[in-house]
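Working notes, beginning with the structure itself.
Scope of the values below: all heavy atoms of this structure, side chains included, with no hydrogens, waters or symmetry mates.
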Number of protein chains: 2
Amino acid sequence: MKLELQIKMNPSLFLRDPEQSELGKNIIKHSIQLIHDNGFEAFTFKKLAESIGSTEAGVYRYFENKHKLLVYIISWYWGWIQFQLNYQTNNISDPVIKLKKVITLLSKNVEDDITTGHVDEAQLHQILISEGSKAYLTNHVGKDNNQQFFQPYKDLCNAVGEIILECNPKYKYPHSLSSTIIEIAHLQNFFMNHLPSLTDFSKSKDESEIIKYLEELVFNTIRD
Amino acid sequence: MKLELQIKMNPSLFLRDPEQSELGKNIIKHSIQLIHDNGFEAFTFKKLAESIGSTEAGVYRYFENKHKLLVYIISWYWGWIQFQLNYQTNNISDPVIKLKKVITLLSKNVEDDITTGHVDEAQLHQILISEGSKAYLTNHVGKDNNQQFFQPYKDLCNAVGEIILECNPKYKYPHSLSSTIIEIAHLQNFFMNHLPSLTDFSKSKDESEIIKYLEELVFNTIRD
DNA sequence: TTATTTAAGATAGTAATACTATTATTTAAA
DNA sequence: TTTAAATAATAGTATTACTATCTTAAATAA
């Protein structure tokens, strides 16, 4: 029996569930490819349809607009990361080791997970680095938030916050530190590769440097 | 005699210098207003021209496209912040006090500076929080960087990095910590106001909480 | 003063984007 | 076997992101 990882998605994000059909799965697969290759601004439903060999109207039956599609694949990514986090920290009792695993999970370039047929997690990780913040940096962030579009991100942030509190129950900013870790892991990666003078990793261009930087930052601030 | 603060801008950002004419100054003024009110995605040159009482073609004589206009006003902001930083830290010898001033300057909501007639710094600060990262999160970040579009940001990052090194000459990540301070000051502000569960400041919604959080983060990581 | 350059206003036009609508065809479920 | 649902094919619209041209007004130089 083949085990397939299914991530439960917020139905308000789509008009028709893309997991339930070949066309749907192709929409996800090719969206990730195209956004990864050309960026979200250059991404259109027309190009997507051409890439699939379907039509623009076909895509619109699944997603209202490209922003919801972006939020969909980003939500999927956070759900997948949450699963990886639970899996990797399962049976570990030391919260410091757990938190180190989290930092590594968020900072390291991801390998494609073969249990998810139509999703390339490595590309998705790159999309999160370059386009992730565009999911919420909009004028309609409030409405989107009311519809729970960012729940997977919030859940992850809470889970990491819990681990931080396990390390130091008195630490006052577990949520802020949690969102800081997530965002800075991505941002330093982007800067390292595109605006290297904003980092100290320009020579090596190695994510393990980001991990060291973040570990120092995090463990020095949560120690009493 | 009236002193007016002039910030030197990269001429590659514009076709005609907006500082040199009334129309130009109106373009800057109304761009800030419109981007602040409706977000960068909803901002078009047509709406801008209507708001000024000029024409689309008129705006295009100053800026090639709306992205360059965004980069222009963001560069202007970083130039202004650099000036504020130099002014406020002038004659202070203690680098710890300097660094605290920097954190406050970057985190606190800004008041309009009357010495700059056509620019509303308070609105500009809000634009930086919501739209700042869109200046570089593009597919053409490399080309833009080659044209020095992000120099004011880099200069600021270097200046803050210098102060960090004054606090602790052995600290290994002055640039990364510097870009982290700048970005997290904005990000936590955005989260506090729009996605409060990603922070620990949801009750007070007070920037001074962000300052405390950042100070703890920064000074714990740079102490040897 | 007149001639000349320059900026700005007015208007038109185009390709691409972000959709909506309609109809025909294929596929799957009752 | 009938019916419903999904998809493909095609067309069309409003808006966006520009480019081009022509005229007028204002500044400046001869």
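Atom CG in A:Leu48 sits about 12 Å away from atom P in C:dA18, given to the nearest Å. When the C1' atom of C:dA18 is taken as reference, atom CD of A:Glu41 falls 15 Å away, rounded to whole Å. In this structure, the CD atom of B:Glu56 is 17 Å from the P atom of C:dA8, given to the nearest Å. Note: CG (A:Leu15) to C1' (C:dC19) measures 13 Å, nearest angstrom. Nucleotide C:dT17 holds its P atom 15 Å from the CG atom of B:Asn65, rounded to whole Å. Taking atom CG on B:Leu23 and atom P on C:dA10, their separation rounds to 12 Å, with Å as the unit. We find that CD of A:Glu50 is positioned 11 Å from P of C:dA16, with the value rounded to whole Å. Across the protein-nucleic acid pair, B:Lys25 atom NZ and C:dA7 atom P stand 16 Å apart, rounded to whole Å.
Residue whose closest nucleotide on DNA chain C sits further toward the 5' end, between A:Ala57 and A:Phe45: A:Phe45.
Between B:Lys212 and B:Glu215 there is no salt bridge, since none of the side-chain N atoms of the basic residue sits less than 4.0 Å from a carboxylate O of the acidic one. Remark: B:Lys47 does not engage B:Glu50 in a salt bridge, criterion side-chain N to carboxylate O under 4.0 Å.
Considering OG of B:Ser107 and OH of B:Tyr213, their distance stands at 11.0 Å, rounded to 0.5 Å. Going from atom CZ of A:Phe83 over to atom CG of A:Asn86 covers 8.0 Å, rounded to the nearest 0.5 Å.
Backbone-only engagement by B:Glu64 is indicated by non-hydrogen atom pairs under 4.0 Å involving sugar-phosphate atoms exclusively. In this structure, A:Arg16 reaches the sugar-phosphate backbone alone: every heavy-atom distance under 4.0 Å involves primed, P, OP1 or OP2 atoms, never a base. Among the atoms of the strands shown, only primed sugar atoms or phosphate atoms (P, OP1, OP2) are found under 4.0 Å from some heavy atom of B:Lys66. At a threshold of 4.0 angstrom between heavy atoms, the contacts of A:Tyr60 include nucleobase atoms, whether or not backbone atoms are also involved. When heavy atoms are screened at a 4.0 angstrom cut-off, A:Tyr62 is found touching the sugar-phosphate backbone but no base atom.
Within the cation-pi definition used here (under 6.0 Å to the ring centroid, within 45° of the axis), A:Lys66 qualifies as a partner of A:Phe40.
Across every strand in view, D:dA5 sits in a pair with C:dT26 that passes the Watson-Crick or G-U test at under 3.5 angstrom.
Contacts between chain A and DNA chain D, taken as any atom within less than 4.0 angstrom of a protein heavy atom, begin and end at D:dA6 to D:dT10.
Here the side chains of A:Ile74 and A:Leu124 are not in contact, with every heavy-atom distance at 4.5 Å or above.
Residues B:His67 and B:Ala135 share a closest heavy-atom pair of NE2-O, 3.2 Å.
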